[in-house]
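First up is the structure itself, then whatever we jot down about it.
The first residue of the sequence shown is numbered 1, and numbering continues consecutively from there. Every number for a ligand or one of its atoms is a count from 1 in the order of the listing.
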Amino acid sequence: MSEVEATKANNYSADSIQVLEGLEAVRKRPAMYIGDIGIKGLHHLVWEVVDNSIDEALAGHCDEINVTINEDNSITVSDNGRGIPTDFHQKEGRSALEVVMTVLHAGGKFDKDTYKVSGGLHGVGVSCVNALSTDMHVTVHRNGKVFEQHYNIGIPAFPVREIGTTERTGTTVTFKPDASIFTVTEYKYDTIASRMRELAFLNKGIRINLKDLREMNEQGEPLSDTFYSEGGLKEFVAYLDETRENLIPEPIHVESEKNGVPVEIALQYNTSYAENIFSYVNNINTIEGGTHVAGFRRALTRTLKAYAEKSGMLDKLKIDIAGDDFREGLTAVISVKVAEPQFEGQTKTKLGNSEVSGAVDVAVGEMLNEFLEENPKEARIIVQKVILAAQARNAARKAREMVQRKNVLSSTSLPGKLADCSDNNPENCEIYLVEGDSAGGSAKQGRNRMFQAILPLRGKILNVEKAQEHRIYENEEIKNMITAFGVSFGTADGEKALNMEKLRYHKIIIMTDADVDGSHIRTLILTFFFRYMRELIENGYIYIALPPLYLVKKGKEERYCWSEQDRIDAIADLGKGKEDSVNVQRYKGLGEMNPEQLWTTTMDPEVRSLKQVTIESAAEADHLFSMLMGDEVGPRRDFIERNSKYARVDV
Ligand code: 0RA
């Protein structure tokens, strides 16, 4: 062996050991790299691989991405970019492609001029996905040739090899998540579709084709969608407000670069009372906001206030206008690109970079000033809306204070319908929100009164999507929830904020019938939480009880069933396949269960299963709630029909 060859071989083996150690670290502590090993982490793998293709598109070399869920729940992502470089790397002793696919954080090191998603939730690199996949396969079309390599748990099965010629360029990656690492391995079409839709809006001009080969229709075609947006954030805002009534004909929009920070923003006012600001940094949803959102709010308040004062429209107004008033009925999307983002906060989704605040402030100020000057008619409509919001906020404050003063003053401040628990450590305590007085009665008898409280909710909850804020404080059921939970609404510095310090339960469990009415009531309650107490969802305090759907009985043997498959299995098991030898009872309502049954199936922490409500995508949740609870029937019917096959409650 020549000296050069010897060095090469040594480097190679030294590097290989490092690579193996890297991959092993990922497999040992997967959650450190991808968040968790459940359904979220599983989908994170897809985001990671798609991010690489998006980066290639943002660098201007790719305009089409295909994402396919294969029959075996493996995922294929392909793009028409330049293709990952395949040339031999002297220093590393192997192909650049192999380095990108197997070395932690190697993905972007060839290309420094684009904004890579790094430091936040994403950005761990395709090698991470590789380490967590039993099989990964990459095919690269580049320089007229086709190359491939295969990996098992991140380890190459053979050196990169040439397998043919081609006229196109691009990269195709297929991976199968390791079932010995992930607690779930089944991909959710709707989850991937939402993220791809969001990416298409955030990165206009990129076509993203999604296909699910597990779901074929009668014509033998897979379930599929194409996401493409020419208008970008303008279209995103229009999509979010699909079922709301706009105040101005077109969203206001700006795209600019300030202090080296690319900023894109679109906003629209609608006749609803909700404030919906969605913010992104390098395509990552910053749920907790941060400096970019602060800059946006500041500029919005300042610019609109100055215009309103100058217009004379505020002259006769006797009350103050607060920051909140400028955001009632506002839907906005803010997207910035930051070279070295600092993510803070509980879920690392709050932007900390101080330089971004000013960049957004200036961009929004310029955009609004220009709009207001050029569109006096629309400007008046917006100011009018702000004035109405200020007046309503005043009324709401009075109504809210009524609810809260009553709490403080009266000794029996808890609602009469509440059957409270005896423990008073909130961490141990749960409250069941139960549909109807009769089921409420069973729950009261069946519960463990030590730590389980019961609040029966009668009849219809107010649809908060269509009600102005002060009306929600007049609603009996909503008042009962607020007082039972022990929360209040503070208005420090004029911003509405939920005060959870005195929260009395760390599990708030919605228990409704397993029928259409039950699911409607559940949606109404969730809408209220989403609009007014989102912090409860974000902290993981909201749950849904899962009562059984069937009881299969034979003689003394009983089996509760939570799904059709459970039922089939139970009949096979108990009846030895003969259906007529067993008795099958279908539970339509909670009321059909006696207190003891309700306890053993749905309330006993030892055996019950609860579904925790999470916000996967705040933008998608907003779209969903506004559609489910809004005025327009068309889109709602579409949604119910399209999703009836996958009845689900994830928010
Ligand atoms: C680094 C350099 C170059 C391309 C890429 C990375 C690249 C990575 C991925 C991952 C998925 N799709 C991708 N497409 C491209 C190209 C450098 C050059 O050609 O000069």
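- Looking only at side-chain heavy atoms (C-beta outward), Ile206 and Ile65 come within less than 4.5 Å of each other.
- In the candidate list Asn52, Asp79, Leu97, Val100, Asp79 is nearest to atom 12 (N) of ligand 1, counting heavy atoms.
- Under a 4.0 angstrom heavy-atom cut-off, Arg142 registers as being in contact with ligand 1.
- Within ligand 1, the atoms closer than 4.0 Å to a non-hydrogen atom of Thr171 are 12 (N), 13 (C), 14 (N), numbered from 1 in the order shown.
- A cation-pi arrangement is absent between Arg197 and Phe227, since the terminal nitrogen or guanidinium carbon is not both under 6.0 Å from the aromatic centre and inside a 45° cone about the axis.
- Set against the non-hydrogen atoms of Gly83, the atoms of ligand 1 under 4.0 Å away are 4 (C).
- Heavy atoms of other residues, nucleotides or ligands lying less than 6.0 angstrom from CD of Glu71 number 12 at most.
- Using modelled atom types, one finds no donor on one side chain facing an acceptor on the other under 3.5 Å when comparing Thr291 with Asn353.
- The heavy atom nearest to atom 2 (C) of ligand 1, considering only Ala96, Pro85, Ala57, is found in Pro85.
- Using a 30° and 60° split on the angle between ring planes, Phe175 and Tyr187 fall in the perpendicular class, above 60°.
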